[in-house]
Amino acid sequence: MASIGGKIKELRIEKGLSQMQLGKLIGVSQKAVDYWERSVNEPKASYIIALVKVFDVSFDEFFENIGIDN
C-alpha cells in the first residue's frame with residue numbers, strides 16, 4: 001500500500017511538475033510539498049481538494065491503494 005505522500009509524488013511526477021511548481025499551484029511552500037512526499041506530515045483536507053483538482057483525478061483515484069494507519 002502506498003502512502004498519501006507517495007501518491008502525491010507519483011501524481012506530481014506524472015504531471016511533470018516540480019515540488020515548487022505544485023506548491024505555487026495550490027498555495028503552499030515547496031517545503032510543505034516535500035514534507036508531504038516524505039510523510040513527515042499530511043496535507044489538510046483543503047489541500048487534498050486542491051491536489052485532486054491540479055492532478056485532475058477523482059477522490060477515489062487519489063486514495064486508491066493508500067494505506068490508513070489506525
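Counting from 1, the numbers follow the sequence of the chain as shown. Any value given below was found using the heavy atoms of this structure, including those in side chains, with hydrogens, waters and symmetry copies removed.
- Applying the ring-ring contact (aromatic ring centres under 6.0 Å, His included) definition to pairs two or more places apart or across chains, none involves residues 4-24.
- When all heavy atoms are compared, the tightest approach of S58 to V52 is C-CG1, 4.2 Å.
- Note: D34 CG to L22 CG = 11.5 Å, rounded to the nearest 0.5 Å.
- Hydrophobic clustering, defined by side-chain heavy atoms of Ile, Leu, Val, Met, Phe, Trp and Tyr closer than 4.5 Å, leaves M20 isolated from every other such residue.
- Residue pairs that meet the ring-ring contact (aromatic ring centres under 6.0 Å, His included) test with at least one member in residues 8-33, sequence neighbours left out, do not exist here.
- Transitive grouping of hydrophobic side chains (ILVMFWY, heavy atoms separated by less than 4.5 Å) keeps V33 and V40 in distinct clusters.
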Side-chain atoms of residues 24-32: list all donor-acceptor pairs with protein atoms under 3.5 Å, sequence neighbours left out, distances to 0.1 Å.
| unit_1 | atom_1 | unit_2 | atom_2 | d |
| --- | --- | --- | --- | --- |
| S29 | OG | K31 | N | 3.4 |
| S29 | OG | A32 | N | 3.0 |
| Q30 | NE2 | Q19 | OE1 | 2.5 |

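- The aromatic rings of W36 and Y47 sit tilted relative to each other, their planes meeting at an angle between 30° and 60°.
- By the side-chain hydrogen bond (donor to acceptor under 3.5 Å, both in side chains) test, S46 pairs with no residue at all, sequence neighbours left out.
- Taken from CD1 in I49 to NZ in K44, the straight-line distance is 11.0 Å, to the nearest 0.5 Å.
- Closest heavy-atom contact between P43 and I4: CD-CG2, 4.1 Å.
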Name the atoms and distances for all side-chain donor-acceptor pairs under 3.5 Å in residues 5-13, with sequence neighbours left out.
| unit_1 | atom_1 | unit_2 | atom_2 | d |
| --- | --- | --- | --- | --- |
| K7 | NZ | E61 | O | 3.3 |
| R12 | NE | E37 | OE2 | 2.5 |
| R12 | NH1 | L17 | O | 2.8 |
| R12 | NH2 | E37 | OE1 | 3.1 |
| R12 | NH2 | E37 | OE2 | 3.4 |

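- Around OH of Y35, the count of heavy atoms belonging to other residues, nucleotides or ligands within 6.0 Å does not exceed 12.
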